[in-house]
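What you are looking at is a predicted structure, and each value in this text was computed from that prediction instead of being measured. Chain letters run A, B, ... following the sequence lines, proteins first, then strands; residues in each count from 1.
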Amino acid sequence: MDREPASGDLPPYLASLNPEQQAAVLHSGKPLLILAGAGSGKTRVITTKIAYLIREKGVDPRSILAVTFTNKAAREMAERARRIDERAGDAMLRTFHSFGAWFLRRNGSLGSLDSGFVIYDDDDTTALLSTIMEDAPKAEVKQMAQSISRAKDFFLSPDDPGLARINYREEFRAVYTQYEERLRRIGNVDFGDLIKKPVEILRGFPDAARRFRDRFRVILVDEYQDSNIAQFELLKELCGSETYVCVVGDDDQSIYRFRGAEVRNILEFPDRFPGTDIIRLERNYRSTAPILALASSVVDRNKDRLGKTLRAERGNGKTPVLAFLPDQDAEAAFCAELIENSARSGTKRENGVRAAYSDWAILYRTNAQSLGFETELLRRKIPYRVVGSLKFYEREEVKDALALLSFLINPRDEVAFRRVVNKPARGVGAATVDRIARAAAAFSEESAQAGGDLSTAARALLPELSAKAGAGITAFLGAIAAGALTLNVDKPDDIVASNGVIASNGVIAGNDVEPRNVSKRQRTKSREELRAGEGLSVCVVKLVQDAGIAGYHLAHDEIAGNQRIANLQELANAASLYPASREGLLEFLEHIELDRSAEEERKENSEDSVTLITLHNTKGLEFRRVIMTGIEQGVFPRDDKKGDDLEEERRLFYVGATRAMDELYLSSCAMRRMFGRTMPVEPSIFLREIDRASLRVIGSAPYEFASANRVSRSGKAGALEKKSEEGWQVGDRLFHDDYGYGGVAEIRESEEGPVVRVRFETGKELHFLSLHQSSRFMKVGDD
DNA sequence: TAGTTTTAAGTTTTT
DNA sequence: CTTAAAACTA
C-alpha cells in the first residue's frame, strides 16, 4: 500500500515515485527541506521536480536555478532532467562556484571587478601570498592561504572581528588585508571570492538583487549539508519573498567540514526560512539490508545528528565481509583476488549475469593509498581507472602554459608573470622582477588606466635595465604579443564584454544570449572531428613554443621531457574545443579552474574497469561491489581525530559503506608502510562499532574479533598474545599468491621465529617463516 | 644568479 | 620512499 500512490491520473514519470518522493515533487508555496537518506532517490526527485515545474506548472525553464556540489553532478542532473522534458536543458544547473563566476562576469563591475578576470587556484593564491610574506617559510604561507580561504568560506572580511576564530595569529588580519588589496589590483579572484563577492554585490546594489530575484523564481540546492556559510548567505540574497526554495541533503553525509562546510546550514534551515516544510526520504533503494545495517550502526554513534531510520527496500542480501590482512600488499592482493574470482566465472550477480570489472570499486581514505592497488591490478592485467587523483592541471608544464595564457588575458596578473617571465632563464632575475612589479604598482596609484599593467611597466623600464635583462623582457613580451595575435579581434559577439553591466531597462543583459553558447555548439562536435591546430589550440601551441616553455622542459629533463610535451599537446587539444578569441580563452581558463573532472569523463564511458577512488570522491556514486580498504586507526579515522572531527570521519565511513549495492568488503591491515617504513597499526575503532551480526570476519583477526561469526581458536591462555601477533595455528586455511589454497600442517619454533609447514591443495608442501608478515598469502575463512 | 647537491619534511579529504 | 625546501658551489 505504501508502494504505489493512490493517484491514478498522474503521468508515468510521477506515478512511479513513492509517496514521499511524490510529495516532494508536487510541493509548492513554502520553503522545502528534503532530508534524503543515502540511496533514497534524491537526484530523481530533483530532476523530476525540475521537469514537473516546466511541464505541469508552466514554469519558464530559464527561471530555474539548480545548484549542485560538483560539475559532474550538475551534468548528470541536467541530462536526467532533459530525459523527462527536453526544455529542462534551459534551466541553469551549476555548482555554487560556477554560478558565482557566471554572476561576476556580468556584474563584477559593480564590485570594481573587470569581466576578464582569471580564477586563482590554491597554488596561485599561495604564490601571491608569498610575495606578501616575503621571508616566511613556505609551510607558513600555505597555512595562511588556507586561513584566508576558510575566512571567505565563513564570509569573514579582513575587518571582521570574528577573524581570530579562523587564525589566532596577530598578523593574520594584516596579511589578509594586503592579500585582498593585491588581488584587487591584479583584477583576479580566488575560489572564495566566487561566492563572497556576489553576496556583497547583491547586498550593495538592491536593484541588481531585485533583477536576480525576478529572474530565478525557483532555486534548488543539492547536497545542502556540505554548503558553507558564504553559500548560505548567497542563497539568502538570491531568495526573495516570491522565490520557491528547496534544499536537499543528509546531515549524515556531511563530510566537508574541514573545508568550511557548515552542517548547521541544514540543521537550522527551518529557522532561517520560516514556514519550512520538511519531507523525509527514508526508503533506501540501493543497498541490501545487511549493508545498510552495518553503515547505520557506525553513524548511529554520532551525537550531533537529526537521526533517521533508513529502510532497505531491497531486503536481505550477502553479509558484509571484514578481512584482517598482514599488510597493504596482501590487501591489494585480496582486492585483486576478489575481483578476479568474480569476473572470471566464480560468483555471479543475483540476476545471473557475470560480474563486470565496473561493478567493483576500491575505496581508500587518502590518494596516496591508490598506488599499491594500481601496481597490483596492473600486474594482474585488471583494467582500472583512478578517479580524482588526476592532477593534470597541476603539473608544472601545464601550469606554465596556463600562466602564459592568463598573462595574455590579464597583463596585471603578477602571479602568472612571475611564474614564466624567466622560464627559461632569460637573465631576468628576482631583482628585476621586483622592480617591474613595484613600477606597475606605482602606476596604479598615478593613473587608473595603466593600473598595475606589468607589460607596460616592463616596457617603460627597458632603458634602465641591463642589456641581458632588457633582451629577456623583450623576448618574453614579444612571445606574449605574438600569442595575442592568434586571437581574433573582439567582434560584436564579444558577449562577455557587452554583458559586463546590467542593462538599465531592468533586464539582465545577456539573458537571452548565453556567453557559453559559442562553445556549447562546438562541444557537441565529437573529439575526433577536432584536430589540433584548430580554434584556441593555435594560440596555446604558439605561446608555448615562442615563450620557450616547450623547449625549456624538453631540454631540462630528458626522460620526463617528452611526457611533458605530450601533456602540453593534450592541453592544446583541450583548447581546440574553444574559439580562438579572447572570450574563448577566458572560457577555457574558467573551465579549467572550475571543472577539472573533464579528463576523467572520457575514460568513464570507455572500458569496463575497476574504480579506484577516495572515500570523499564517492559521494553521489554507487557500485554493486565495494571494498573499503585501510580501515585502521591512524588511517581511517586519521590520527588523533576526536570530537567533531571524529564524527565527520564516521560520516565518511557511512558514505563509503552506503555506496555498495550488493556486496561490501572491509579490509584492515596489521602492518602498513608509512614514510617508507613498515609500522604496526591497530584496527580502526569503527570496526568495534559495527553491529557484529552484520559482519563476517576472515583472516588473522586480532583477538577481540576472533569470535562471533568466526570459528574461534581454543589456544592455551598464555598463547593469547602470541596469537594476536602471529595469528596462525594448525588447521588454518590460507591462500597463497603462487601456490593457491592450503592448510597449516605443523608449527614449530626456530631461531628466526615460528616456522609453519603448509600443505597446499596441489599436494605441494612448503615451509614458511614468520607467516604473519608475509605479503604472499593470507588467511581465509573456515566456511 | 643558475644550477647543483644536501637535508628535511610530509599524506587528508576538494569547489 | 618521494618530494620540496634550504644550502652550497661554479
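Taking Glu223(A) as the reference, Lys42(A), Lys619(A) meet the salt bridge (charged side-chain N to carboxylate O under 4.0 Å, His left out) condition, with sequence neighbours excluded. For Glu632(A), the salt bridge (charged side-chain N to carboxylate O under 4.0 Å, His left out) criterion is met by Arg672(A), not counting sequence neighbours. Ala151(A) is linked by a side-chain contact (heavy atoms from CB on, under 4.5 Å) to Leu156(A), Leu163(A), Ile166(A), Phe172(A), Tyr176(A), counting only residues two or more places apart in sequence or in another chain. Scored by the salt bridge (charged side-chain N to carboxylate O under 4.0 Å, His left out) test, Arg301(A) finds no partners at all (sequence neighbours excluded). The side-chain contact (heavy atoms from CB on, under 4.5 Å) search around Glu76(A) returns Arg80(A), not counting sequence neighbours. Residues that satisfy the salt bridge (charged side-chain N to carboxylate O under 4.0 Å, His left out) test with Lys138(A), not counting sequence neighbours, are absent from this structure. Under the ring pair (Phe, Tyr, Trp, His ring centres under 6.0 Å) criterion, Tyr224(A) pairs with Phe269(A), not counting sequence neighbours. With sequence neighbours left out, Arg264(A) forms a side chain to side chain donor-acceptor pair (under 3.5 Å) with Glu262(A). For Phe373(A), there are no ring pair (Phe, Tyr, Trp, His ring centres under 6.0 Å) partners at least two apart in sequence or on another chain.
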Protein N or O to nucleotides 7-10 of chain C N or O, pairs below 3.5 Å:
none

Protein-nucleic acid N or O pairs under 3.5 Å, nucleotides 1-5 of chain C:
residue : atom : partner   : partner atom : Å
dA5(C)  : OP1  : Lys138(A) : NZ           : 3.3

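For Asn422(A), taking side-chain heavy atoms from C-beta onward, the closest of the listed nucleotides dA2(B), dT14(B), dT15(B) is dA2(B).
Taking side-chain N and O atoms only, Thr68(A) has no distance below 4.0 Å to OP1 or OP2 of dT15(B).
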- line: Applying the Watson-Crick and G-U criteria (both distances under 3.5 angstrom) with [ ] for crossing and | for other-strand pairs, one obtains for DNA chain B ||||||||||.....

